[in-house]
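Just the heavy atoms: all of them, side chains too, but no hydrogens, waters or symmetry mates, feed the values below. For clarity, every value in this text was computed on a predicted model and none was experimentally measured. Chain letters run A, B, ... following the sequence lines, proteins first, then strands; residues in each count from 1.
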Amino acid sequence: MMMKRSEKSGLPPGTLVHIGKKKAKEVKITLIDYDEVHFEKKELKTIEECFVYKEKPTVTWINVDGLHQVEILEKLGNCYSLHPLVLEDILNTEQRPKMEDYGEYLYIVLKMLEDNNKTNEILTEQISLIVGSNFVISFQEREGDAFDPIRERIRSGAGRTRKMGADYLAYTLVDSIVDNYFVILEKLGEKIEFLEEKLVNQPTSETLQTIHRLKREMIFLRKAVWPLREVINGLERGESSLIQQSTGIFFRDVYDHTIQVIDTIETYRDMVSGMLDIYLSSVSNRLNAVMKVLTIIATIFMPLTFLAGLYGMNFKYMPELEWRWGYPAILLLMLMIGGFMLIYFRRKKWL
Amino acid sequence: MMMKRSEKSGLPPGTLVHIGKKKAKEVKITLIDYDEVHFEKKELKTIEECFVYKEKPTVTWINVDGLHQVEILEKLGNCYSLHPLVLEDILNTEQRPKMEDYGEYLYIVLKMLEDNNKTNEILTEQISLIVGSNFVISFQEREGDAFDPIRERIRSGAGRTRKMGADYLAYTLVDSIVDNYFVILEKLGEKIEFLEEKLVNQPTSETLQTIHRLKREMIFLRKAVWPLREVINGLERGESSLIQQSTGIFFRDVYDHTIQVIDTIETYRDMVSGMLDIYLSSVSNRLNAVMKVLTIIATIFMPLTFLAGLYGMNFKYMPELEWRWGYPAILLLMLMIGGFMLIYFRRKKWL
Amino acid sequence: MMMKRSEKSGLPPGTLVHIGKKKAKEVKITLIDYDEVHFEKKELKTIEECFVYKEKPTVTWINVDGLHQVEILEKLGNCYSLHPLVLEDILNTEQRPKMEDYGEYLYIVLKMLEDNNKTNEILTEQISLIVGSNFVISFQEREGDAFDPIRERIRSGAGRTRKMGADYLAYTLVDSIVDNYFVILEKLGEKIEFLEEKLVNQPTSETLQTIHRLKREMIFLRKAVWPLREVINGLERGESSLIQQSTGIFFRDVYDHTIQVIDTIETYRDMVSGMLDIYLSSVSNRLNAVMKVLTIIATIFMPLTFLAGLYGMNFKYMPELEWRWGYPAILLLMLMIGGFMLIYFRRKKWL
Amino acid sequence: MMMKRSEKSGLPPGTLVHIGKKKAKEVKITLIDYDEVHFEKKELKTIEECFVYKEKPTVTWINVDGLHQVEILEKLGNCYSLHPLVLEDILNTEQRPKMEDYGEYLYIVLKMLEDNNKTNEILTEQISLIVGSNFVISFQEREGDAFDPIRERIRSGAGRTRKMGADYLAYTLVDSIVDNYFVILEKLGEKIEFLEEKLVNQPTSETLQTIHRLKREMIFLRKAVWPLREVINGLERGESSLIQQSTGIFFRDVYDHTIQVIDTIETYRDMVSGMLDIYLSSVSNRLNAVMKVLTIIATIFMPLTFLAGLYGMNFKYMPELEWRWGYPAILLLMLMIGGFMLIYFRRKKWL
Amino acid sequence: MMMKRSEKSGLPPGTLVHIGKKKAKEVKITLIDYDEVHFEKKELKTIEECFVYKEKPTVTWINVDGLHQVEILEKLGNCYSLHPLVLEDILNTEQRPKMEDYGEYLYIVLKMLEDNNKTNEILTEQISLIVGSNFVISFQEREGDAFDPIRERIRSGAGRTRKMGADYLAYTLVDSIVDNYFVILEKLGEKIEFLEEKLVNQPTSETLQTIHRLKREMIFLRKAVWPLREVINGLERGESSLIQQSTGIFFRDVYDHTIQVIDTIETYRDMVSGMLDIYLSSVSNRLNAVMKVLTIIATIFMPLTFLAGLYGMNFKYMPELEWRWGYPAILLLMLMIGGFMLIYFRRKKWL
């Protein structure tokens, strides 16, 4: 999980080393430059191509997919005069969500979640955003199409984005990430419902494993979402001059969604804990049922076997053995004992 | 539960899509306009009819039942210049209770609870309130008569409502929703008491299911009520100029009720947890009882069966078998062993 | 518990309806009027008699026992110009403790606790106090003698009360209520100690019921006492001009007592939880003991019974059966097996 | 525990009654008066002897052992004009630690802990300190030598005390009490370690009792130490003009120690909870072991006994019984069945 | 754990006594003095050698390994005029992490963690830092090479350190300690993963011991790391004039790492608790499995043995015994009973 983090221990602070798995094959840089009337989109061969946009008043969005080419980051850092610690943090994908105000720009770390359909696990990807007065730089670990609808909206001029500044662009990016959490939550909700049904109908020891796995996924999710609350709260309160008042209202909306996500996670946690309780008490109940069967069988057959054994003794003088109706009498007695036992257990509601 | 929420992921913010089930067949718009001397009530065919009331100094209350006709909302939004995010939130019925101050108006989201008598489940309905200086717009998901007593009170001029402004009207609406929670709580309280009695007299594995269901209902209720605290606290503190000082005192009263509702929910939660403990230990106790029966039976009959088996052996030289009183002697011995066992168990308080 | 609360849902706010059981037969109004030199006490026939005292500079204490005559409250409310919501809250005895500052007067709600000796249950009674600059009005649900020592102290001029204002009178009333909690707590402490002893010596399934009942009483107590903390803290901080600085110090003392009460309740809760743990593990231990008895018996007699059965077989050619010492030899073998088992179990500390 | 507290309920506030056990035989008053050059120590016969020191600029430390002579306290209270509530609190030894600023003096309540070696219980003693500008009055319930090292240090002039004011003296007293907690904690730590070893090697049902007793001691300790945090924090922040800046640093040190004590108590609590878990699961494990023995025995001997019973039947036509090798064959079969069972259980890791 | 702490109880505050184990053989003092152009490193024979560097504007780093020579500390304390309580705290290695601002210098206490490979335990070492305007004094309990990479970096002039002041040096020291926590965490993470695999495949009672040990290590770690949060937060906020604004940003980075460490510890705690749940329910499941085997065996063989016993009775008139096909018939009946039982258990999913 934190495998590579320790290898950096001992290096001077600010050393640029990519921590985490290399998830993208090639680094891909996409630039979008727009204002209300103008729109330009191109894929960059070299990072230097984007430097000319820095001084333009238009909003520039540079998206970098893949983090393993450290020199690209260094050049970007020089051009936009980013703090070395920011560059270091972008490369360290074990970050927790946070927002840091460096005056000239905001540095935002978020976690994109993705439900891997094959392994049925939740994957995370770290998204770093640098938000300046007229630019947004976003870093993704892996080539993804999560931001494609936003690109399309900017191109077509739908929505508000073209009319507003870089802060609004940052908002749409954050919003699309938080929106994505609902997709994950719904899948989780379905899993929980499915599990609950199974728990009632046929709990196996495998069910416990699944409950436990769900619990861990929840811990995982929580870790990714909880800090977000503070991050977006910070953006909403509009303490930074880079976020305009009018955009603050939109961030308040995202904040509400985040609270809703957290609420739902907590509810799910409660539900999963409840399922554990049910599982454990159903195990106890089954033990009870097993023991009842054993006890009923033993209580009926032990006295009968004793009686049979009694008349299997070889004493010379056992008058009953000689009686004409001894055998039927003993059979009748046995039937009565068995019957009495059955009535007794029925009374006790064991049958 | 959040089924439709994810479908919106990817759409630009502010897109008006109705999220949630369509609960009303037709959209029904009711307008009430009043001041101390004047009262007017009509059902509107088209939403445009209400626009003329906007400029009047009288208090206008527009109630919209049913959310699926997005264009009505759009027109209202244009007329009263509501923020696009407010319109979006009104349509998204998965909201948690909140209060947002937009300067010109307050936007309040609440949850109306209803106990469905057929399915024995608690249903929620989202109520959105727009409170301006001289108007209140309320949105309900479903046609309901929850606000009827208020309408009647306004008509008849009973109570304070006719003499006061739109903020007081908002208060009566919120108050009637919170009052309604007590009805739900009392039903829940009855269920808990009924369950408790059953738990003492005859706990079944179905009891556990019921405890669990109650627990989930409580989680559900909590989720609906907890955020209310903050909402009403915000209204009470009178931070908004739309809420007059004198109305603030009334909101303080609602705040007290909300705290009382939360308190009761927490008490119920504690009680239901206690019931789970009792259930589990009663399962253990019953296991103990079963095992005692088994042990008593086995402990009495195993030695006796052994003895019987002993004298059922076919050794040629077994002098006891020849004795005249061998059989009665062995019967006596068996009786003594059995009696001794019974005394032993009585001593141990097993019988 | 909240039975009547729901019946009010739908009525306009400020409607005076008595919620709760009618606990007093007749309404009884007692008036005490005093300053340092003067003392007057009378029982009133009609509430109007007390109105003349309103303008006097002396401290007036009006005590009303019984809440079911709504018109008395209405008249008092008119005379002292109390807010309709205050009157409504006085009648609603499901209130939680609170303090509200209405400028002209403070409204304080407290819970008086009483241990019913017959049913062994804790009863609560709601005490409402209206504290003005020169008057205190107290409302009790039931005729009680809780305030008699205070009346006697005022009459005899003992203590500080006669020399000080209405705020000090309010303090003595609050103080006597909180002092009363210690009596309840000590009784609860005795119950816990008694139960603990019983738990060690002879736990029965009834013990569990008692633990559970204690737990519920604690939840109940907590609900009554926790909010008090805030109430008295509010009085202590002297934010209201009605509470003089010198009286604030006395309220600080009551605050300490409240904290002490809360502390003790929390300690009791911890102790009762600990008892539940002990009970459950003693149940497990007893199950273990039962199973050991069963296992020992089965382990000793099953092999012996098998051996006996073996030589009870009817094969024609079983040489052992013909041996002269076969029977004694098999008896010896059986003794050895039994003895070995006993030694084995002793080694395993099962005996 | 709170036995006597309730007896005071009903008395007017400020009544001086000694609550708690009389722990000292005689009241002993010791006076120490010092400045940098001067030192005087005497044991007082009457409390009046100390009144002359009040006006002197030297630091006066009056220590009173034993609280049952109320008139001594009254005289001291008059001389140093202490608030009646302070005097009441000094006599009420059920106080929780607190600090109150009365302007002219500070009133501090602390708990001295002592480990009774005989009963193995932790005893508490209430220490009250009155800290003025040039005097400290300390009240102990019982004659003790806890402050002797401090007296000796003042006499010999070692350390800083002689050069500093009454606030530093108060600090050394508080410091010595907090230092004492570490002694108690270490003893507790040893008990826990001892118990843990026993838990691994040989858990008995008595172990559970000990765990529970430890838990209660911890609750007890917590109650005594937690409020201390606030008390000393209040002294450290130097809000009172009676505590000089330079002494504040020393109180910060005591604050650190208090936090450390609280930390250790919390760690111990976690450890004791962990021990309970281990105990409970070791009980389960032993049950499992017992059941395995029973099951193995039953599974081996039940089929064998059945076989023996089969050939003990008295049917006329049972050809096997006549066979020459019938008996050896059946013995072989039985051996095989038994062996197979043993192999099966070994496979299942039950043996 | 706190063995030696109690021995100090009774000594005057500020007494210099080394509390804790003597972990280093000899005290070793290393001095590094540098600015942007100049670098000097030497090992000191006597502590007096470093006093000349005090007045130099260059940054001086004095590192002391081993605390048992109290006089070295006293001399250093005199030279740099450290507060006696600081010296006392440096020697008391049972400190919790803290930061104290003495105006002229900051006193920082940290815990260095080390995973002992032999005993598999986590060891702690207390690091004390004195940070002045142009000097840093660090105290280690034991000779270690944890700071060697920093020394090397200063020597070679790599990184920022040579260009910046004493506060940046303090930052690199703190950073290297926090970085080290990740190494410990990763080892812990591996242990947890290993344990989890074992738990699924083959849980033994030893597994429980390991879970418990892990839990304790986590408590231990938490105790060391939690207070760090506050410490570094204090440094980050730049309240002290000794920490420059530009260094504050770096401390914010360390703060993030600390939060990440705390987060991970909490996640691990959750995971270990989950493992305990799984362990306990797997014990229950195994008990269930054992009981099923027993019940199946008993339920099959008890009726059969009874039947065999029945026909082993010696009654004179038992017609079945005489029948030609009696024996085969009874064998068939037994087979049918056994088969029916097996089908029944398969239906119940016990087989």
* **Backbone of Leu321(C) reached by a side-chain donor or acceptor of Asn314(B) within 3.5 Å** => no

* Under 3.5 Å, is there a donor-acceptor pair between the side chain of Gln260(B) and the main chain of Glu94(C)? ->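 Side chain of Gln260(B) to backbone of Glu94(C): a pair is present.
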
* Mark yes or no: Arg252(B) above the aromatic ring of Tyr102(C), with NZ or CZ under 6.0 Å from the six-membered ring centre and no more than 45 degrees from the axis. => yes

* Specify which of Arg324(C), Glu322(C), Met313(C) makes the most heavy-atom pairs with chain B at under 4.5 Å. =>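 Option with the top pair count is Arg324(C).
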
* Which one of Gly309(C), Pro328(C), Pro227(C), Gly312(C) has the most heavy-atom pairs closer than 4.5 Å to chain B? -> Gly312(C)

Can you tell me which portion of [X] sits under 4.5 Å from chain B's heavy atoms? Options are side chain, backbone, both or neither.
X	value
Ile300(C)	neither
Trp325(C)	neither
Ile219(C)	side chain
Leu276(C)	side chain

Options [options], ranked by heavy-atom pairs under 4.5 Å with chain C, top entry:
options	answer
Asp256(B), Asp175(B), Leu307(B), Leu294(B)	Asp256(B)
Ala298(B), Gly189(B), Gly274(B), Ser176(B)	Gly274(B)
Asp253(B), Val254(B), Leu310(B)	Asp253(B)
Ile184(B), Thr295(B), Asn180(B)	Thr295(B)

* Electrostatic pair Arg216(C):Glu196(B) at N-O distance under 4.0 angstrom -> yes

* N-O pairing of Lys215(C) and Asp270(B) below 4.0 Å ->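 Here Lys215(C) does not pair with Asp270(B) in a salt bridge, since their nearest N and O are not under 4.0 Å apart.
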
Nearest 0.5 Å, please: how far is [atom2] in [Y] from [atom1] in [X]?
X	Y	atom1	atom2	result
Leu331(C)	Met318(B)	CG	CE	7.0 Å
Ser281(B)	Leu208(C)	OG	CG	4.0 Å
Lys223(C)	Asp263(B)	NZ	CG	6.0 Å
Ile297(C)	Ile296(B)	CD1	CD1	12.0 Å
Phe306(B)	Thr305(C)	CZ	OG1	6.5 Å

* To do: Could you please state which residues from residues 283-291 of chain C sit under 4.5 angstrom from chain B, measuring non-hydrogen atom to non-hydrogen atom, sorted by number, or 'none'?
  =>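 Checking residues 283-291 of chain C against chain B gives Val283(C), Arg286(C), Leu287(C), Val290(C), Met291(C).
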
* Non-hydrogen side-chain atoms of Phe315(B) and Ile330(C) separated by less than 4.5 Å -> yes

* **Contact check, side chains of Glu100(C) and Ile249(B), non-hydrogen atoms, under 4.5 Å** => no

* side chain to side chain contact (heavy atoms under 4.5 Å, CB included) evaluation trace for His212(C) with Asp277(B) -> CA-CA 9 Å; His212(C) 194 55; Asp277(B) 281 349; over 6 Å; no

* **Neighbour count >12 (heavy atoms, 6.0 Å) for atom OH, Tyr344(B)** =>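 Not more than 12 within 6.0 Å, no.
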
* Asked: Are more than 12 heavy atoms from other residues, nucleotides or ligands located less than 6.0 Å from atom CD of Glu152(B)?
  ->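 Yes, the 6.0 Å shell around CD holds more than 12 heavy atoms from other groups.
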
